[in-house]
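Written below as structure tokens is the structure these notes are about.
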Amino acid sequence: MRHPMVAGNWKMHGNRAGVAELLEGLRNMPLPRGVEVAVFPPTLFIERAVEALEQGGISVGAQNSAIQSEQGALTGEVAPEQLAEVGCKLVLIGHSERRQILGETEEVLRRKFAAAQASGLMPVLCIGETLEEREAGKTLEVVGRQLDSIVDEFGAAVFADAVIAYEPVWAIGTGLTATPQQAQDVHAAIRAQLAAKDAEVAAGVRLLYGGSVKAANAAELFGMPDIDGGLIGGASLNADEFGAICRAAGN
Ligand code: PGA
């Protein structure tokens, strides 16, 4: 039995007043039973989010972490062990904005993935195809390659302590959502690819869908057999909307 997860990726949004308001909204939000809820604030606000939310059962994650787990000479980065020390539990690895805009390579992402796990953070590996790749019929090939980049190096067993988010790049922040069937088809392929290596890990790993999820389309997406929740961008910046999405995962 997989517990659904709903995670809010705030990206580089928020100032002090806005974050305080959002945290207050999240604290007062009725949480559905059996759903793991997490938020990923900008690094600057992680500690504040932990203080505000840890009693209420909402986990806090980071949107990025360094390629080595320990603190050290690496200007501008934040070490997984530093994140763990302030109460951070998860970290996004390989969000498409970091792959595409910041040029993070598979090699960098493998190092970040391993460093996160070495510090006890749970990686949320983000994979997904561009519109051009989908139109060329390459969706499963691209997503499969991104997954294999980790599996070939570390084995499928690392996904016993990780989450995978399928986020078609064309659906992120565009208002275009993959149909439940489109998302389910990719999720089933991801699970099958892992099952070929380790059936037990494949059956247990949570596969989140991300890309323009809103309260209005969440229930339909989360109703698919291989969709175990969502990674929510824009709609996670509003506590009421995010709460409604969390409740959709509980039904
Ligand atoms: P979106 O973003 O929900 O705003 O499309 C999702 C994401 O990038 O994680």
Side-chain angles (χ1 to χ4, degrees), residues 4-14 18-19 22 25-26 35-43 45-46 49 58-65 88-104 109 112-113 116 121-131 133-134 139 142-143 146-147 162-180 182-183 186-187 190 206-222 224 227-249:
M5 175 185 278
V6 177
N9 173 12
W10 297 1
K11 309 194 178 185
M12 201 172 64
H13 292 291
V19 166
L22 182 49
L26 291 172
V35 179
E36 197 175 329
V37 178
V39 294
F40 293 76
T43 312
F45 299 118
I46 284 176
I58 298 180
S59 306
V60 178
Q63 298 170 19
N64 178 41
S65 60
C88 187
K89 302 276 190 252
L90 309 108
V91 60
L92 299 181
I93 304 282
H95 189 279
S96 65
E97 286 151 13
R98 299 198 62 88
R99 290 176 188 265
Q100 298 203 317
I101 304 171
L102 300 172
E104 289 194 355
L109 299 178
K112 290 188 172 186
F113 188 100
L121 297 181
M122 181 172 290
V124 178
L125 178 71
C126 304
I127 57 180
E129 82 289 0
T130 63
L131 184 59
E133 288 162 343
R134 174 162 285 266
T139 298
V142 169
V143 167
Q146 291 169 336
L147 181 60
V163 173
I164 298 172
Y166 167 57
E167 298 205 301
V169 179
W170 50 271
I172 294 178
T174 57
L176 291 173
T177 314
T179 65
Q182 280 175 322
V186 179
H187 283 225
I190 292 169
R206 267 99 44 103
L207 306 182
L208 313 184
Y209 167 77
S212 300
V213 178
K214 316 180 253 305
N217 59 23
E220 229 195 326
L221 286 158
F222 300 164
M224 302 308 277
I227 302 183
D228 308 309
L231 180 55
I232 320 301
S236 73
L237 297 172
N238 178 301
D240 292 335
E241 178 85 7
F242 185 62
I245 296 170
C246 294
R247 287 189 291 282

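When a ligand or atom number is given, it counts from 1 through the structure's own listing order.
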side-chain contact (heavy atoms from CB on, under 4.5 Å) between Ile58 and Glu36, intermediate numbers included: CA-CA 7 Å; Ile58 298 180; Glu36 197 175 329; over 6 Å; no
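Considering backbone and side-chain atoms together, Glu97 places no N or O closer than 3.5 Å to any N or O of ligand 1. Here's the thing with Thr174: none of its N/O atoms is less than 3.5 angstrom from an N/O atom of ligand 1. Ligand 1 has no N or O atom lying under 3.5 Å from any N or O atom of Ile172, backbone or side chain.
Using a 4.0 Å cutoff on heavy atoms, Gly210 does not count as a contact of ligand 1. For Ala235, the closest heavy-atom approach to ligand 1 does not fall below 4.0 Å. Within the 4.0 Å heavy-atom shell around ligand 1 one does not find Lys214.
When heavy-atom distances to ligand 1 are checked against a 4.0 Å cut-off, Ala171 comes that close only through its backbone atoms N, CA, C and O.
When only non-hydrogen protein atoms are considered, atom 4 (O) of ligand 1 lies nearest to Gly234 N, 2.8 Å. Looking only at protein heavy atoms, the nearest one to atom 7 (C) of ligand 1 is Glu167 OE2, 3.1 Å. Looking at atom 3 (O) of ligand 1, its nearest protein heavy atom turns out to be Gly233 N, 2.9 Å.
Looking at Tyr166 and Glu129, their side chains do bring a donor and an acceptor atom within 3.5 Å of each other.
For ligand 1, the atoms lying closer than 4.0 Å to a non-hydrogen atom of Gly211 are 5 (O).
Within the 3.5 Å criterion, the main-chain N or O of Cys126 finds a donor-acceptor partner in the side chain of Arg99.
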